[in-house]
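Counting from 1, the numbers follow the sequence of the chain as shown. Quantities reported herein were computed from a predicted structural model and do not represent experimental measurements.
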Amino acid sequence: MRFVGIDPATQTGFVALDKNGIPVVEKTFRGKGKDVKGGISPEQRMSLFNQLYNLLQPGDVVLKEAIANGNKMIITTAKIHGGFEDMITRRKLTFEEVAPLAVKKFVDVDFRTIDKSLKSKEYEKAKKDAMAVAALKHFNYKHPSDDVVDAFIIAKICEALYMVRNGRAMNSYPLYQHEVIWSFIDPEAYKEYDKEKQRAKKRKRPGKPAAAESHTHSKEQQFLF
């Protein structure tokens, strides 16, 4: 049994952990064939899919990153994800998907803290650097490929889900990891928890002070009573 994390893209990150959580495969791969501007050719897609198929093994527990909201290459990305899902199924394996925001949350990274005034390339590098630092901090893991780092974190989420489903206490993980795991284990209960958490944040935001002698509640105050 292996815990597999997949970060799908034209250059895909793939990491497989053994039952002890040790990486046994750390790899990036691209589709072979003529490049197509702004996309991926059928030849490249087939090569990409075949490479994934050959990396997978019977008994693998698989978690892949889902398509990000606002993806600027949605057609190409959707084709890659769909083909990967076909390959996983052909291998007679099942899989789950984890939202990109949940991957970042699992290692306590929030891109909103990155300086938005940075140029595009600098901003993207800052995001990758933040994930690399977080992987080193949480798991003492580093790799020269950003795609492999992301796939490793996805594989660690996969491992954590398996462990909790097989008896490990969910609260043995830090709260931010606990919440990611909970969103898989009991999604309905987690949704209610998250809604209340967001409402609590709104209640804590300072509102406009009420006028002297006024008994009218502000929009935010009405939730306090």
Donor-acceptor contact below 3.5 Å, side chain [X] vs main chain [Y]:
{"X": "Asn20", "Y": "Ile22", "answer": "no"}
{"X": "Asp186", "Y": "Trp182", "answer": "no"}
{"X": "Gln177", "Y": "Phe106", "answer": "yes"}
{"X": "Ser183", "Y": "Val180", "answer": "yes"}
{"X": "Glu65", "Y": "Pro8", "answer": "no"}
{"X": "Arg91", "Y": "Pro58", "answer": "no"}
{"X": "Glu192", "Y": "Ala189", "answer": "no"}
{"X": "Ser47", "Y": "Gly31", "answer": "no"}
{"X": "Asn166", "Y": "Tyr162", "answer": "yes"}
{"X": "Asp60", "Y": "Gln57", "answer": "yes"}

Go through it in stages, so that I can follow the logic: the residues are Met131 and Lys128, the test is side-chain contact (heavy atoms from CB on, under 4.5 Å), and I'd like the CA-CA distance, side-chain angles, deciding distance and then a yes or no. CA-CA 5 Å; Met131 294 299 285; Lys128 292 174 181 178; 5.9 Å; no
Cluster link [X] to [Y], ILVMFWY, side chain under 4.5 Å:
{"X": "Val25", "Y": "Phe3", "answer": "no"}
{"X": "Ile6", "Y": "Val103", "answer": "no"}
{"X": "Phe84", "Y": "Met46", "answer": "no"}
{"X": "Ile185", "Y": "Tyr193", "answer": "yes"}
{"X": "Val164", "Y": "Ile154", "answer": "yes"}

Measure across [X] and [Y] and return the closest heavy-atom pair with its distance rounded to 0.1 Å.
{"X": "Gly59", "Y": "Leu93", "answer": "N-CD2, 3.7 Å"}
{"X": "Thr76", "Y": "Gly39", "answer": "OG1-CA, 3.5 Å"}
{"X": "Ala126", "Y": "Ile114", "answer": "CB-CG2, 3.8 Å"}
{"X": "Ala66", "Y": "Pro100", "answer": "O-CG, 3.6 Å"}
{"X": "Ser41", "Y": "Val36", "answer": "CB-CG2, 3.4 Å"}

With a 6.0 Å cut-off (strictly less than), is the heavy-atom count around [atom1] of [X], excluding the residue itself, greater than 12?
{"X": "Lys92", "atom1": "NZ", "value": "no"}
{"X": "Asn69", "atom1": "CG", "value": "no"}
{"X": "Ile75", "atom1": "CD1", "value": "no"}
{"X": "Lys197", "atom1": "NZ", "value": "yes"}

Glu85 vs Lys64, test: side-chain contact (heavy atoms from CB on, under 4.5 Å). Steps then yes/no. CA-CA 9 Å; Glu85 291 169 11; Lys64 64 183 277 289; 3.4 Å; yes
Evaluate Val61 against Met1 for side-chain contact (heavy atoms from CB on, under 4.5 Å), listing each step before the verdict. CA-CA 7 Å; Val61 183; Met1 181 184 67; 4.0 Å; yes
Does the distance from a Lys or Arg side-chain N to an Asp or Glu carboxylate O, for [X] and [Y], drop under 4.0 Å?
{"X": "Glu159", "Y": "Lys19", "result": "no"}
{"X": "Arg199", "Y": "Glu196", "result": "yes"}
{"X": "Lys125", "Y": "Asp129", "result": "yes"}
{"X": "Glu96", "Y": "Arg165", "result": "yes"}

Nearest 0.5 Å, please: how far is [atom2] in [Y] from [atom1] in [X]?
{"X": "Thr12", "Y": "His81", "atom1": "OG1", "atom2": "NE2", "result": "8.0 Å"}
{"X": "Phe184", "Y": "Leu63", "atom1": "CZ", "atom2": "CG", "result": "5.5 Å"}
{"X": "Lys34", "Y": "Ile40", "atom1": "NZ", "atom2": "CD1", "result": "15.0 Å"}
{"X": "Thr28", "Y": "Asp7", "atom1": "OG1", "atom2": "CG", "result": "10.5 Å"}
{"X": "Arg2", "Y": "Asp18", "atom1": "CZ", "atom2": "CG", "result": "10.0 Å"}
{"X": "Lys32", "Y": "Leu48", "atom1": "NZ", "atom2": "CG", "result": "11.5 Å"}

Do the side chains of [Y] and [X] get nearer than 4.5 Å, heavy atoms only?
{"X": "Asp86", "Y": "Phe49", "result": "no"}
{"X": "Tyr123", "Y": "Phe111", "result": "yes"}
{"X": "Thr77", "Y": "Ile80", "result": "no"}
{"X": "Arg168", "Y": "Tyr173", "result": "yes"}

Please report the C-alpha distance between Asp35 and Gln44 in whole Å, then the side-chain angles of each, then the deciding distance to 0.1 Å, and finally whether the side-chain contact (heavy atoms from CB on, under 4.5 Å) criterion is met. CA-CA 8 Å; Asp35 288 336; Gln44 288 174 317; 2.8 Å; yes
May I have the step-by-step check of salt bridge (charged side-chain N to carboxylate O under 4.0 Å, His left out) for Lys105 and Glu179, ending in yes or no? CA-CA 9 Å; Lys105 181 176 181 177; Glu179 290 179 346; 2.6 Å; yes
Under the salt bridge (charged side-chain N to carboxylate O under 4.0 Å, His left out) rule, what do Lys127 and Glu124 come out as? Steps first, then yes or no, please. CA-CA 5 Å; Lys127 291 197 296 185; Glu124 291 302 315; 3.2 Å; yes
Tyr176 and His138 aromatic ring geometry - parallel, tilted or perpendicular at 30°/60° bounds: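 Perpendicular.
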Of the options Asn50, Leu55, Asn54, which is the one that meets Phe29 in a side chain to side chain contact (heavy atoms under 4.5 Å, CB included)?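 Passing option: Leu55.
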Sole candidate of Val148, Leu17, Val149 that passes side chain to side chain contact (heavy atoms under 4.5 Å, CB included) when paired with Glu26: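 With Glu26 as partner, Val148, Leu17, Val149 yield a single side chain to side chain contact (heavy atoms under 4.5 Å, CB included), made by Val148.
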